[in-house]
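Beneath this line is the structure, given in structure tokens, with notes to follow.
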Amino acid sequence: MNEKKKQLLKEVLSKKETRVKYLEQDFLRFCLYYFPSSFHYPKIAPFHKKWCSLTQEWYNIYIEWHRESAKTMLIWLLYDLWCICYRKKRFICVFSYEQKSSSFHLFQIAIQLQTNKRLINDFWQLFFSDNVEKKSQKKSVNEFITENDIKLKAFSMWTSMRWQVFMSKDGMVRPDSLLLDDIDNINSVKNKAIIDQNMRFLEDEVFWGLADYCQIRILGNVIMEDWLNPRLKQKYKNNASWSIQSQKVVDENGEPVWDRYTKTNKEAEEYNKDIQDPKKHKISLEKKLNDLWEISFNQNYLLKPFSNKDRLIKSDYIRMFDENIEFDYIEAGIDPAFSEKTKSDSFSITVTGFKKVENVLYRYVLEEISLKGEEKNNQNICRTVLNMYLNYKPRNIKVEKNNGWEIYAKLFKDPANMWGYNLPITTINATKDKRTRLKEFEGCFQRGEIFFKVWKTDNLIEQLLYFTGESGNKDDAVDSMVHSFGLSWVWFYFDTI
């Protein structure tokens, strides 16, 4: 932009009347004027301009971009605020897999409408609520209607939108703006049957409830090869009313697509050395790769899904149960952890019930308990182990003794530490690596001989689906599960205390 245009723009923005009228036609400049603190890194990328242009032109848009690309800020938060201020939409809906995510989205919009001084100066205060202003007391808003008669409502999976209408001052309207964000998590990608079921719900109970002219925005992320986001991407890729935007953090030559990123730590350190505000620093991809384990970096920055071929336990192997079963016996396994630091491994306990039917031994994982951070103090650990024992009465509680962990076995064995109870503690000494231990039960998973209790094993299932055996994998729950699964003389031997 030349100096003459810059001066003209400055004059337009200096007066409320011309400013409000001009920014109605320019979504990106609306963002830059009313929310300058949201743009930490000073340079706007070409793809930011393209996103803003596409949404302003009413395209349905699917954005699958690398982490920290500002897609959530621009295409969700600020776009909804632009639509509210200028009454571009009448009934705005936010849909996530979990209600807390979509409600948190609405909370953020409400906060801006109530506290942003520039917005209030030009559009008056469009939302009032004492509770929302007290951020420490309230973290979500399920629905509200603005002072200029715009309704916003949060939805989650299995909440139908078929009969949703808003009686506005302009008459009855169906949802005319839909944002889908965080529609997949580890619970929604456990197996193909769950994914199929969720996809049918979106098609039958969400999309069919929208106004014909509804604008849909999907903020995609990358988890597995098969899940809701890639199915939606495939569904709309040849539709003229849709724009599919997808880009990893580097181009085909390995160069960052936004100059906020550098390839190496050295480049970032050189640029950042004289910049005091860390929010304005450049980000080193080398550091990101080191901070994250490889799978997470590939998903979040290279848009590479975690593939079935990368994992030992496939999502189709995960089978759930919720009925009461009379077991032949119950075993428990413990994978200890010393440190009370939040980022260290959890102290994991897994309880498994066994039932033999026609010479086939079935394993039913009843519960996985994880203690994290300060929860891992000795008194709380002993209390948790005792409660587990009293609830399930396992015939053995197996504690791994490698790395000095036999100290816990001795702790649990002493009735003085366990409120007078004698627990059936056995130590085991692992002699093979984690992947080899789990692989011994791969056939049991494939044959459908292992089941997981609904609601009580989510953390364990997540670790199993991501487990590769490589350094950096979270595996404490996997280890305690394997310990609870019973005899396998190949990889450990029992010991006495």
Open item on the list: For Glu286, give me all partners under side chain to side chain contact (heavy atoms under 4.5 Å, CB included), at least two apart in sequence or on another chain.
Closed with: Thr264, Asn265, Ser284, Asn290

- [ ] Any pair with a residue in residues 106-127 that passes salt bridge (Lys or Arg N to Asp or Glu O under 4.0 Å), sequence neighbours left out, goes on the list, sorted by first then second residue, please.
- [x] Arg19-Asp122

Task: Point-to-point distance, once rounded to the nearest 0.5 Å, from OG1 of Thr72 to CG of Asp182 - done: 7.5 Å

Task: Residue pairs fulfilling salt bridge (Lys or Arg N to Asp or Glu O under 4.0 Å) with at least one residue in residues 204-215, sequence neighbours excluded - done: Arg162-Glu205

- [ ] Output yes when Arg447 and Glu449 qualify as a salt bridge under the 4.0 Å nitrogen-oxygen rule, no when they do not.
- [x] yes

TODO: Kindly compute the distance separating OG (Ser346) from CD1 (Ile369), expressed to the nearest 0.5 Å.
DONE: 12.5 Å

TODO: May I ask you to decide if Asn148's main-chain N or O and Arg87's side chain share a donor-acceptor pair within less than 3.5 Å?
DONE: yes

Task: Partners passing side chain to side chain contact (heavy atoms under 4.5 Å, CB included) against Gln99 (at least two apart in sequence or in another chain) - done: Ser102, Ser103, Asn142, Ala154, Ser156

Task: From CG (Leu464) to OG (Ser315), nearest 0.5 Å - done: 12.0 Å

- [ ] Using a strict cut-off of less than 4.0 Å between a Lys/Arg side-chain nitrogen and an Asp/Glu carboxylate oxygen, indicate whether Lys372 and Glu375 qualify as a salt bridge.
- [x] no

Task: Single hit among Lys282, Arg260, Lys279, Lys288 for salt bridge (charged side-chain N to carboxylate O under 4.0 Å, His left out) with Glu68 - done: Lys288

TODO: For the residue pair Lys304 and Gln299, confirm or rule out a side-chain donor-acceptor distance under 3.5 Å.
DONE: no

- [ ] Tell me, please, which residues at least two apart from Glu267 pass salt bridge (Lys or Arg N to Asp or Glu O under 4.0 Å).
- [x] none

Open item on the list: Please evaluate residues Val365 and Val351 with respect to the criterion side chain to side chain contact (heavy atoms under 4.5 Å, CB included), reporting the C-alpha separation (whole Å), side-chain torsions for both, the decisive distance (0.1 Å), and the verdict.
Closed with: CA-CA 6 Å; Val365 182; Val351 186; over 6 Å; no

Open item on the list: For Asp226, is there an ion pair with Lys192 - N to carboxylate O distance below 4.0 angstrom?
Closed with: no

Task: Asp479/Lys434 ion pair, N-O < 4.0 Å - done: yes

TODO: Have a look at Trp51 and tell me which of Tyr59, Trp76, Trp65 forms a ring pair (Phe, Tyr, Trp, His ring centres under 6.0 Å) with it.
DONE: Trp65

TODO: Give, for atom CZ of Phe30 and atom SG of Cys83, the distance between the pair rounded to the nearest 0.5 Å.
DONE: 9.0 Å

- [ ] Output yes when a side-chain donor or acceptor of Asp475 lies under 3.5 Å from a complementary backbone atom of Val478, and no otherwise.
- [x] no

Task: Flag side-chain contact, heavy atom, 4.5 Å: Glu269 against Lys273 - done: no

- [ ] Report the distance from atom CG of Leu210 to atom OH of Tyr213, rounding to the nearest 0.5 Å.
- [x] 10.5 Å

Task: Thr457 side chain vs Leu460 backbone, donor-acceptor pair below 3.5 Å - done: no

Open item on the list: Among residues at least two apart in sequence or on other chains, which ones pass side chain to side chain donor-acceptor pair (under 3.5 Å) with Lys233?
Closed with: Glu64

Task: Flag, side chain of Arg90 to backbone of Ile150, donor-acceptor distance under 3.5 Å - done: no

- [ ] Can you sort out the partners of Lys263 under side chain to side chain donor-acceptor pair (under 3.5 Å), two or more places apart, ordered by chain and number?
- [x] Glu255

- [ ] Answer yes or no: does atom CD of Gln276 have more than 12 heavy-atom neighbours from other residues, nucleotides or ligands under 6.0 Å?
- [x] no

Open item on the list: Distance alone, cut at 3.5 Å: any donor-acceptor contact between the side chains of Ser177 and Arg217?
Closed with: yes

Open item on the list: Side chains of Glu367 and Thr350 only: does a donor on one sit below 3.5 Å from an acceptor on the other?
Closed with: no

Open item on the list: Could you tell me if the side chain of Asp26 sits less than 4.5 Å from the side chain of Tyr22, heavy atoms only?
Closed with: yes

Open item on the list: To the nearest 0.5 Å, what is the distance between NZ on Lys50 and CD1 on Ile63?
Closed with: 10.5 Å

TODO: Decide yes or no on side chain to side chain contact (heavy atoms under 4.5 Å, CB included) for Phe127 and Gln112, but give the supporting numbers first.
DONE: CA-CA 9 Å; Phe127 181 71; Gln112 289 298 324; over 6 Å; no

TODO: Mark yes or no for whether Glu368, through its side chain, and Met481, through its backbone, hold a donor-acceptor pair below 3.5 Å.
DONE: no

Open item on the list: If the condition is salt bridge (Lys or Arg N to Asp or Glu O under 4.0 Å), which residues does Lys456 pass it with, not counting sequence neighbours?
Closed with: none

TODO: Could I get the full list of ring-ring contact (aromatic ring centres under 6.0 Å, His included) partners for Tyr79, not counting sequence neighbours?
DONE: Phe27, Trp82

- [ ] State whether Asp196 and Arg200 are salt-bridged, where the test is any N-O pair (Lys NZ or Arg NE/NH1/NH2 against Asp/Glu carboxylate O) under 4.0 Å.
- [x] no

TODO: Can you label the angle between the His66 ring and the Tyr301 ring as parallel, tilted or perpendicular, going by 30° and 60°?
DONE: parallel

- [ ] Find out whether Val249 and Leu285 are in side-chain contact, i.e. whether some heavy atom of one side chain is under 4.5 Å from a heavy atom of the other.
- [x] yes

Task: Partners passing ring-ring contact (aromatic ring centres under 6.0 Å, His included) against Phe321 (at least two apart in sequence or in another chain) - done: Tyr364

Task: Lys/Arg-Asp/Glu bridge criterion (N-O < 4.0 Å) met for Glu24, Lys21 - done: no

- [ ] Indicate whether the side chain of Asp181 and that of Ser96 have a donor and an acceptor atom separated by less than 3.5 Å.
- [x] no

- [ ] Establish, from distance only, whether the side-chain atoms of Tyr62 and Gln245 form a donor-acceptor pair under 3.5 Å.
- [x] no

- [ ] For Phe201, check ring-ring contact (aromatic ring centres under 6.0 Å, His included) against everything at least two apart and list the hits.
- [x] Trp158

- [ ] Could you tell me whether the side chain of Asn300 and the main chain of Arg67 form a donor-acceptor pair under 3.5 Å?
- [x] no

Task: NZ/Lys16: more than 12 non-hydrogen atoms of other groups inside 6.0 Å - done: yes

Task: Result of checking Asn298, Leu302, Leu303, Asn229 against Val222 for side chain to side chain contact (heavy atoms under 4.5 Å, CB included) - done: Leu303

Task: ring-ring contact (aromatic ring centres under 6.0 Å, His included) partners of Phe123, counting only residues at least two apart - done: Tyr34, Tyr86

Open item on the list: So does Gly254 get a backbone contact from the side chain of Asp251, meaning a donor-acceptor N/O pair under 3.5 Å?
Closed with: yes

TODO: Could you tell me whether the side chain of Phe39 reaches within less than 4.5 Å of the side chain of Ile44, counting heavy atoms only?
DONE: yes

Open item on the list: With a 3.5 Å distance limit and no angle check, can you tell me whether Asn60 reaches the backbone of Ile216 through a side-chain donor-acceptor pair?
Closed with: yes

Task: N/O donor-acceptor pair under 3.5 Å between Glu442 side chain and Ile313 backbone - done: no

Open item on the list: Quick check: do Asp184 and Tyr97 have side-chain heavy atoms less than 4.5 Å from each other?
Closed with: no

